[in-house]
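Working notes, structure below.
Just so we're on the same page: letters track the sequence lines, and every chain starts at 1. Worth knowing before you read on, the calculation uses all heavy atoms, side chains too, and leaves out hydrogens, waters and symmetry mates.
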Amino acid sequence: MDHIRLATVWLGGCSGCHMSFLDLDEFLIDLAMKVEVVYSPIADIKTFPENVDVTLVEGAVANDEHLHQLALIRRNSRIVIAFGDCAVTGNVPSMRNPLGSALPVLNRSYKEIADINPQIPSNDGIVPTLLDQVRPIHDIIKVDMFLPGCPPSAARIRAAVEQLLAGQATGLSGSDLRFG
Amino acid sequence: MELPELHQIAEKERASQKPIRLRICVAAGCQSSGSLAVKKKLEDTVKEAGLSDKVQVVGVGCLKMCSQGPLVQADPTQTLYAKVDETQAAGLVGAVNGGHCHCATVDPNDPFLAHQFSIVLENSGLIDPERIESYIAAEGYEGLYHVLREKTPTEIVETVIKSGLRGRGGAGYPTGLKWALVAKMQSPRKFVVCNADEGDPGAFMDRSVLESDPHRILEGMAIAGYAIGATQGYIYVRGEYPLAIKRLQGAIRQAKRLGMLGGHIFESPFDFNIDLRIGAGAFVCGEETALMASIEGRRGQPRPRPPFPAESGLWGQPTLINNVETFANIPTLIRKGADWFSAIGTEKSKGTKVFALAGKITNTGLIEVPMGTTLRRIVEEMGGGVENGGTVKAVQTGGPSGGCIPADKLDTPVDYESLAAIGSIMGSGGMIVMDQSTNMVDVARFFMEFCMDESCGKCAPCRAGTVQMYRLLSKIREGRGTQQDIDMLNGLCDLLRNTSLCGLGQTAPNPTLSTLRYFRHEYEQLLTDSTVNGQLPKHPANTT
Amino acid sequence: MKRHQYQADSLIEVLHSAQQLFGYLEDGLLLYIAHSLHVPPSRVYGVATFYHFFSLKPQGKHSCVICLGTACYVKGATQLVDAISQTYGIKAGQTSEDGQVSLLTARCVGACGIAPAVVYDGTVSGHGTSENVIEKLKGWREDGAA
Amino acid sequence: MAVKTLTIDDQLISAREEQTVLEAAREAGISIPTLCELHGLGDIGACRLCLVEVTGIAKLQPACTTRVAEGMVVVTNSQRLQNYRRMIVELLFAERNHICAVCVANGHCELQDLGLAVGMDHVRYEYLSPQCQVDLSHERFGVDHNRCVLCMRCVRACDEIEGAHTWDVMGRGTASRVITDLKQPWGESQSCTSCGKCVLACPTGAIFRRGSTVSEMERDRWQLDFIVTAREKKQWII
């Protein structure tokens, strides 16, 4: 059997979900027998490849680059999984949403509390522009499976991955659905 | 007071009338077109011309054709003058006195007037709403007299059951059964409540009745009080209707003075008082349990039924709640009998219904027609079709709880069942005509915004659901919606209809559902062609 | 309040009267009402904010209420609101900076026959247009400035 | 004491006539999701999660306010009811800013538990992201409106059990907020007795003990029931 082509992506989030993924410990070795990691923040690959079987997306949609990435991910992936609360709900990054727009956040971080040279960084094409509202990824693209948790525990990730390996992504249930 | 005294008052009132009478509408619609100034001018003109013995100017209630206001009708010729202004006063006074004038008149054979059948509005435009004598001269309070002196409460309830009268507030619950339910409750205190919280945007039937013939409501309520064994009544009236409030206050005062309210009415053992409660701007208070909460001085939030108000209403006591138009039917029904009443209308919907005809229509105003009249007759014949020669696209009945009826369903008769069958409701009687320039998604969004603003916030589906539905409708209206959004909207409609605590939430989906049913293409035209899968939908977040 | 015999269930009537007397319902006034009627302050506040009629902030010298009932809506009442909002930079429910004009909207004033209806300081006027509404408000502002 | 026999989810059950469908179901070990209901407080039937199907009644009935009746046939868990419940829970999650990961009640939250019970893996509705205050003016407690679901338990606990009626609800619709006195900071409330019953009653992390950090806010809900029982039955007074 061919290896499953697996990608993991890190959007607006803390990378905790990836850390939790690493907590799979020895199961990672079993996994390595069956999957090929074709794209990941922990692998040095620059562009998102084509023909990906499964993509785990960590993080919320917070800037315009995330939008483009997601479009590409969806086009090139058979199954997209919202990986962790930020991807599923917006979570902590979305706590700025009640402020209405990105500007108050930028002002606070780059101007009001700046030690030297207060200015909002802007460089078209290099620094991605923040979106006014942070959104869960299913607001932007179709998502095939949701894996909530902040972060999802290794056991929960394993439950989801095993479903995928068995070829039946029926979704999690019971306490594996707990947010937070 | 005995019957001869009542007749005496009527006789004296009729004798005081001059041979020529100019009845000018002083209800709110015509008042805002300046009818009070016209009335003053007419009075002055009569006085100056030395015609005071012969000509009399009377302020009356609604003369129905509101778009032609200020309206003046002359007796005995019955000529109806339209859009009368102060400068025409002299000409008008001259005309009724044998001269001529260039005032615009309405043809008495105009279908708008000719097809009307008046029960509720029988006195509207004829009597002076500020004088109880005027109502008595029109046989007012005679029904109450006979009821109190000659009938038992059970007989009254039976008459109402037999008449087939159904609640005119919208849902159409048989009035007689409601009365019977409260009547059989054993309780030392019971209440009668008149729901005059006419909240549907685009409805002004109840206001016109209250402003044109307030005593009719008092009489109807007193009869109800006798029938069910209540001694206290409340009228819950919208704060937005200052004139109606003023006239009701005056009417209650006069009725008390003449002994039609208070202790031992018409020398019978029956006591009955009525107090006003002024609403403070909350649509949900039209819902009976919310209305009662509001009368008790609390936030107007509904509670689950059962228990129904008939068992446990105001202050936990059995309470009868009917709307203005229902009570307004009672005096005539009692006077003329159940058989007379039940001969009018259709098999299941008896009597007449008052509609406030408005929107993009030539003749805006108040109409009363027998149940079973077709929408086409109302809109096209009586209403004169769309103004400026346009064509009808839809008719909205029942306000935020009702639906939009497409033009090809205009042959539907107006009765409770027929309207429900096509996804609308009778409602309290607002009827808004829309022409081709109206976007139906806009209409759905308008009503959803209304329901969102008016949701009391108590139950979760209505509070949080109306906001989501409003957002989905806005999204679709602004061209950002997808098929998935329409599906989600449908799902929410189903949720609210089946799980909301009160009628507001349960019926809030109706305008959306009916437009989705009959004007789905208007929604689909607005959808973005992008599929969610793989492409970016247009989203405000994506444009930043 | 005396007229209502200090009954707790007369709260809404009392609030009506208080607003008529003072124009709006200030916190101190609400507290006074609460104590006099023996109703919890939070209840008084809850009731006062539930009903659209009651205002907890001072209103402008003049009020302009645009009816947004269905009949008025179909006949373009939202354009009147937009026109005023644009001209004076106030949204529905707000008062202009000079305290002259409060812009309000209503859910049907029952004058559908003369839609769109506008209520200027309590007087209903029919057939409103962006032009005649702005004209009327301009008159008020000039009176205020003079 | 009259006994009524009824059927709940195909199970024949006998209940006392003053019991509600919810109480009868619980005694029989049938769980129906609830949120605004709390034992010891008056029922208001507002959250609509406990709606059940009753044969012969067209409308769904809230189990918490519907009395048992002889021969009644109740279905508590049809596919249709499950769908509605999930939608309602999603609507609640979308209405305020419920960020479980940084909530004092994380792991001890009835809303979170409901998410599991109805099988919610994500929220399909748009998050409304309203601006909400956090009031920390009280020396012992705090209120975070981001996490309030307007169940009115605090209002009822304060009114029915403590008798202070410090809490009420202001505004209407989705703009409703729970308030203390004249919407003043809780710490300045004249009527509050600082009894903490509202803290015990709150189903989410909206009302909490100050100093609690993420996941630390646990409550002994039996205390409320204990107080009510003691007051009503007076069984410990000689």
Sequence neighbours excluded and cut-off under 3.5 Å, please list the side-chain donor-acceptor pairs for residues 295-302 of chain B, or say none.
from   : atom 1 : to     : atom 2 : distance (Å)
B:E296 : OE1    : B:R298 : NE     : 3.4
B:E296 : OE1    : B:R298 : NH2    : 2.7
B:E296 : OE2    : B:W315 : N      : 2.8
B:R299 : NH1    : C:G46  : O      : 2.9
B:R299 : NH1    : D:V169 : O      : 2.8
B:R299 : NH1    : D:G171 : O      : 3.1
B:R299 : NH2    : D:G171 : O      : 2.8
B:Q301 : NE2    : B:C456 : O      : 3.3

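Remark: B:Q249 CD is packed, more than 12 non-hydrogen atoms of other residues, nucleotides or ligands lying under 6.0 Å away.
Proximity to chain C is absent for every atom of B:D206, based on heavy atoms less than 4.5 angstrom apart. Interface residue B:V433: only backbone heavy atoms are found under 4.5 Å from chain C. When heavy atoms are compared at a cutoff of 4.5 Å, B:R238 approaches chain C solely by way of its side chain, counted from C-beta outward. At a 4.5 Å heavy-atom cutoff, B:Q31 makes no contact with chain C through either its backbone or its side chain. Heavy atoms closer than 4.5 Å to chain C are found nowhere in B:A356, neither backbone nor side chain. B:E387 touches chain C through its side chain: at least one heavy atom from C-beta onward sits under 4.5 Å away, while N, CA, C and O do not. For B:S32, the parts lying near chain C are the backbone and the side chain together; criterion is any non-hydrogen pair under 4.5 Å. Contacts of B:S294 with chain C are made by both backbone and side-chain atoms, with heavy-atom separations under 4.5 Å. Heavy atoms of B:D435 lying under 4.5 Å from chain C are absent altogether. Using a 4.5 Å cut-off between heavy atoms, B:F447 contacts chain C through its side chain alone, with no backbone atom that close. Residue B:I432 touches chain C through its side chain alone, counting heavy-atom pairs closer than 4.5 Å.
Across B:S33, B:G239, B:G365, the residue that shares the most heavy-atom pairs under 4.5 angstrom with chain C is B:G239. Contact count versus chain C (heavy atoms, under 4.5 Å) is highest, among B:S67, B:G430, B:A280, for B:A280. Ranked by heavy-atom pairs under 4.5 Å with chain B, the first of C:V119, C:L11, C:T123, C:V124 is C:V124. The candidate with the highest count of non-hydrogen atom pairs below 4.5 Å against chain C, out of B:R207, B:E240, B:M205, B:M434, is B:R207.
Contacts with chain B (heavy atom to heavy atom, under 4.5 Å) involve these residues of residues 70-78 of chain C, listed by number: C:T70, C:A71, C:Y73, C:V74, C:K75.
Taking CD of B:E454 as the reference point, atom NE2 of C:H52 lies at 5.0 Å (rounded to 0.5 Å).
The heavy-atom pair separating B:A282 from C:Y51 by the smallest distance is CB-CD2, 3.7 Å.
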